[in-house]
Amino acid sequence: MNDPVRSPKQSFTAGDKKLSSDSSVANAFSQHFFFDAPITRDELACALRSLSSGKSPGGDGIHSEFLSHLGPNAFETVWTFFNLIWNSGIVPAEWRTSIIIPIHKKGKDPNMFQNYRPISLTSIAGKAMEKIVVRRLNYYLETNRFIAKKQAGFRSSRSTNQHVALLNQCVKDALDNNHVLTAVFIDLKSAYDNV
């Protein structure tokens with residue numbers, strides 16, 4: 001039996017065009033064809049393979065294990081559903097809502113509101129769609145060099161460890177050359193609570 005979730009393809013098909021090299025994919029992007037193209041089976045299979053197992057589902061009750069073990073007929077149904085969403089622009093209400101669970105911070109007074117951190121349970125199927133969109137956007141941004149070379153956060157094959165190594169080298173160079181080096185570190189307390 002052919003398992004569509006676990007059988008990666010080497011080429012990329014968008015609409016009726018087969019894109020097998022980085023340059024042809026970049027060319028499709030530059031013509032905005034790729035953004036309007038239907039979601040491919042390969043894109044969906046890749047997104048489903050990358051879902052984390054053991055995560056709590058959102059309001060729709062769909063677990064990642066269910067999506068990552070689809071048979072061929074169920075896979076085609078989900079693929080058709082994703083394309084209906086993509087083409088219509090209408091996102092299911094369950095994908096736009098989350099269940100907020102307050103988690104107590106250890107060692108803090110449980111009677112104080114600020115001693116809890118919110119955990120949002122969102123739709124796993126919605127996360128799969130997000131992965132498809134993020135993959136397309138990241139590829140476009142990377143191939144067209146819209147992201148600065150020095151940015152490491154939220155990029156594949158990069159790490160903030162590179163910035164730590166660079167800072168370490170700057171400190172060493174300043175000490176070796178008897179120069180003054182100033183570094184500023186900012187800790188944005190509860191930054192995500194205010195976004």
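Note that these values count all heavy atoms, side chains included, but never hydrogens, waters or copies made by symmetry. One is the number of the first residue; the rest follow in order along the sequence.
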(request) Quick one: pull up OG1 in T160 and CG in L167 and give me the separation to the nearest 0.5 Å. (result) 12.0 Å
(message) Are V91 and V133 connected into the same hydrophobic cluster when the rule is that any two of I, L, V, M, F, W, Y join if their side-chain heavy atoms are below 4.5 Å apart?
(response) yes
(request) Say whether L51 and F66 are linked into one hydrophobic cluster, either directly or through other cluster members, by side-chain heavy-atom distances under 4.5 angstrom. (result) yes
(request) Please go through I99's hydrophobic cluster and name the other residues, only I, L, V, M, F, W, Y counting, with side-chain heavy atoms under 4.5 Å joining them. (result) I101, I103, I119, L121
(request) Check for a donor-acceptor pair, side chain of H104 on one end and backbone N or O of K108 on the other, with a separation under 3.5 Å. (result) yes
(request) Would you name the heavy atoms of G61 and P57 that are closest together and state the gap between them? (result) C-CB, 3.8 Å
(request) To the nearest 0.5 angstrom, please state how far the NZ atom of K131 sits from the OG atom of S50. (result) 3.5 Å
(message) Which residues pass the side chain to side chain donor-acceptor pair (under 3.5 Å) test with D173, not counting sequence neighbours?
(response) Q169
(message) Could you see if L137 belongs to whatever hydrophobic cluster contains F146? Use Ile, Leu, Val, Met, Phe, Trp, Tyr and a side-chain cutoff under 4.5 Å.
(response) yes
(message) Donor-acceptor pair, distance only, cut-off 3.5 Å: does the side chain of E43 make one with the backbone of T40?
(response) yes
(message) How long is the straight-line distance from CG of L175 back to SG of C170, given to the nearest 0.5 Å?
(response) 11.0 Å
(request) Identify the two heavy atoms, one from Q114 and one from M112, that lie closest to each other, and give their separation to 0.1 Å. (result) NE2-CE, 2.8 Å
(message) Once side chain to side chain donor-acceptor pair (under 3.5 Å) is applied, do any residues pair with E142, and if so which ones, sequence neighbours excluded?
(response) R155
(message) Applying side chain to side chain donor-acceptor pair (under 3.5 Å), can you list everything that pairs with K172, at least two apart in sequence or on another chain?
(response) D176
(request) To the nearest 0.5 angstrom, please state how far the CZ atom of R117 sits from the CD1 atom of I100. (result) 12.5 Å
(message) Could you measure the distance from the CE atom of M129 to the CZ atom of F81? Nearest 0.5 Å is fine.
(response) 8.0 Å
(message) Between S64 (side chain only) and S52 (backbone N and O only), is there a donor and an acceptor less than 3.5 Å apart?
(response) yes
(message) So does C46 get a backbone contact from the side chain of R135, meaning a donor-acceptor N/O pair under 3.5 Å?
(response) no
(message) Less than 4.5 Å apart, side chain to side chain, heavy atoms only: is that true for V184 and I186?
(response) yes
(request) Evaluate the side-chain proximity of F75 to L67: yes if any heavy-atom separation is below 4.5 Å, no if none is. (result) no
(request) Can you run down the side chain to side chain donor-acceptor pair (under 3.5 Å) pairs that involve residues 120-130, sequence neighbours left out, and say none if there aren't any? (result) D60-S123, W95-S123
(request) For atom CD1 of I90, decide whether the heavy atoms of other residues, nucleotides or ligands shown that lie under 6.0 angstrom number more than 12. (result) no
(message) Check whether N115 reaches the backbone of P110 with its side chain - one donor and one acceptor, N or O, closer than 3.5 Å.
(response) no
(message) For Y116, is the OH atom crowded, meaning more than 12 foreign heavy atoms sit under 6.0 Å from it?
(response) yes
(request) Kindly compute the distance separating CG (N87) from CD1 (I39), expressed to the nearest 0.5 Å. (result) 8.0 Å
(request) Heavy atoms only: give me the nearest S56-I124 pair and the separation to one decimal. (result) O-CD1, 4.0 Å
(request) Write out all pairs satisfying salt bridge (Lys or Arg N to Asp or Glu O under 4.0 Å) with one or both partners inside residues 68-87, taking only residues at least two apart or from two chains. (result) R41-E76
(message) Less than 4.5 Å apart, side chain to side chain, heavy atoms only: is that true for F82 and I132?
(response) yes
(message) Do P38 and W79 have side chains that approach each other closer than 4.5 Å (heavy atoms only, starting at C-beta)?
(response) no
(request) Look at the side chain of H63 and the backbone N and O of G54, then say whether any donor-acceptor pair between them is shorter than 3.5 Å. (result) no
